[in-house]
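One structure below.
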Amino acid sequence: MSTLRPLEITDAPRIFEIIEGATTHSLVPVGPVWSRIQVEDECRHGGWVLEIADSAQPVLAFVFVWDIGTAWEISFLATEPAARGQGLMKRLIEHVKSIRPPDKPLWLEVHEGNRPARSLYEAAGFEKVGERPRYYSDGGTAVLYNFGTSGSPG
């Protein structure tokens with residue numbers, strides 16, 4: 001049984017492992033590599049994790065969320081590669097959508113080549129609202145998504 005809880009700084013090492021796994025073992029582009037310091041900073045800031053009780057690797061998925069004033073922004077989210085396909089990310093996204101203030105849109109961006117993630121966001125009600133051409137180091141375009149009220153991501 002999985003439980004949802006807020007991120008803690010003590011989650012940083014495990015989340016860093018998940019990010020490394022996501023960027024190393026992905027068949028689709030997922031964006032830049034994050035440093036341990038960046039992950040620690042994000043864990044201090046806020047977000048949620050899904051964990052499994054009585055497991056050697058309890059944290060299976062996470063989402064980093066920032067309140068940027070006029071909107072909320074998802075800065076990174078990932079699932080342990082071995083736990084993909086179990087609906088964990090869908091559960092995290094639905095949680096974030098359910099707790100965001102109704103007057104603040106929810107933003108995220110994704111590499112144009114990451115079709116599985118884009119399909120997940122679109123199925124969750126996010127709308128494509130823009131692009132950032134040649135945004136990623138491989139020359140890929142960042143696709144911008146919004147859920148909620150319209151506006152621009154701070």
Side-chain angles (χ1 to χ4, degrees), residues 2-9 11-12 14-16 18-23 26-51 59-81 83-154:
S2 62
T3 58
L4 184 64
R5 66 165 173 81
L7 275 168
E8 299 172 0
I9 186 62
D11 295 318
R14 176 65 185 133
I15 288 173
F16 185 75
I18 293 172
I19 291 172
E20 283 189 316
T23 56
S26 181
L27 300 177
V28 296
V30 293
V33 176
W34 284 44
S35 72
R36 288 182 189 272
I37 291 171
Q38 287 172 305
V39 171
E40 289 172 3
D41 287 346
E42 293 281 331
C43 285
R44 283 187 195 96
H45 184 76
W48 292 269
V49 298
L50 274 172
E51 64 180 358
V59 176
L60 295 179
F62 71 92
V63 58
F64 293 143
V65 181
W66 284 80
D67 182 340
I68 57 173
T70 59
W72 278 18
E73 183 175 7
I74 293 175
S75 59
F76 203 100
L77 63 168
T79 300
E80 166 66 40
R84 290 184 183 152
Q86 299 177 26
L88 301 178
M89 195 51 59
K90 178 180 178 182
R91 185 171 167 199
L92 277 170
I93 289 171
E94 290 303 321
H95 176 72
V96 171
K97 286 171 36 183
S98 75
I99 64 168
R100 77 170 174 84
D103 62 333
K104 291 188 179 190
L106 181 59
W107 290 90
L108 60 83
E109 66 185 34
V110 62
H111 193 291
E112 66 186 336
N114 192 338
R115 280 304 317 159
R118 291 180 64 190
S119 294
L120 173 69
Y121 306 145
E122 291 165 10
F126 283 80
E127 295 180 23
K128 179 182 170 184
V129 293
E131 294 183 346
R132 292 182 178 142
R134 298 171 303 285
Y135 182 77
Y136 293 105
S137 62
D138 67 356
T141 294
V143 180
L144 305 173
Y145 283 93
N146 168 277
F147 177 85
T149 60
S150 61
S152 63

Practice item. Answer whether the closest heavy-atom distance between the side chains of V59 and I18 falls below 4.5 Å. Key: yes

Point to revise | Partner residues of H95 under the side chain to side chain contact (heavy atoms under 4.5 Å, CB included) criterion, sequence neighbours left out | key: L4, W48, S98, I99

**Study point:** E131 side chain reached by L144 side chain, heavy atoms, under 4.5 Å
**Key:** no

Check your understanding: Do you know the tightest heavy-atom contact between T70 and P105?
Key -> O-CD, 3.3 Å

Practice item. Name all residues meeting the side-chain hydrogen bond (donor to acceptor under 3.5 Å, both in side chains) criterion together with E127; count only those two or more places apart in sequence or in a different chain, and write none if there are none. Key: none

Check your understanding: Is the closest side-chain heavy-atom distance between R132 and T141 below 4.5 Å?
Key -> no

Review point. Ring pair (Phe, Tyr, Trp, His ring centres under 6.0 Å) with F16: which residues, sequence neighbours excluded?
Key: none

Review point. Salt bridge between R100 and D67, side-chain N to carboxylate O under 4.0 Å?
Key: no

Without placing hydrogens or testing angles, list every side-chain donor-acceptor pair under 3.5 Å for residues 116-125, not counting sequence neighbours.
from : atom 1 : to   : atom 2 : distance (Å)
R118 : NE     : Y145 : OH     : 3.0
R118 : NH1    : E112 : O      : 3.1
S119 : OG     : R115 : O      : 3.1
E122 : OE2    : Y145 : OH     : 2.5

Exercise for review: Please name all residues satisfying side chain to side chain contact (heavy atoms under 4.5 Å, CB included) with R44, sequence neighbours left out, ordered by chain then number.
Suggested key: I9, E40, D41

Exercise for review: Give the C-alpha distance, both sets of side-chain angles, the deciding distance and a yes or no for side-chain contact (heavy atoms from CB on, under 4.5 Å) between L77 and I93.
Suggested key: CA-CA 9 Å; L77 63 168; I93 289 171; 4.0 Å; yes

Review point. Within the side chain of K104, is there an N or O that forms a donor-acceptor pair under 3.5 Å with the backbone of G69?
Key: yes

Check your understanding: Does some side-chain heavy atom of E8 sit less than 4.5 Å from a side-chain heavy atom of D11?
Key -> yes

**Study point:** For F64, side chain to side chain contact (heavy atoms under 4.5 Å, CB included) partners two or more places apart
**Key:** L7, I15, I19, W34, V39, E42, C43, F62, S75, F76

Exercise for review: Working to the nearest 0.5 Å, report the span between CD of E73 and CD of E109.
Suggested key: 6.5 Å

Point to revise | Close side-chain approach of E80 and R14, heavy atoms under 4.5 Å | key: yes

Exercise for review: Check step by step if side-chain contact (heavy atoms from CB on, under 4.5 Å) holds for Q86 and T79.
Suggested key: CA-CA 10 Å; Q86 299 177 26; T79 300; over 6 Å; no

Check your understanding: Between E94 and R91, is there a donor-acceptor pair closer than 3.5 Å when you use the side chain of the first and the backbone of the second?
Key -> no

Practice item. Show the numbers, then the answer: is there a side-chain contact (heavy atoms from CB on, under 4.5 Å) between F126 and L106? Key: CA-CA 9 Å; F126 283 80; L106 181 59; 3.6 Å; yes

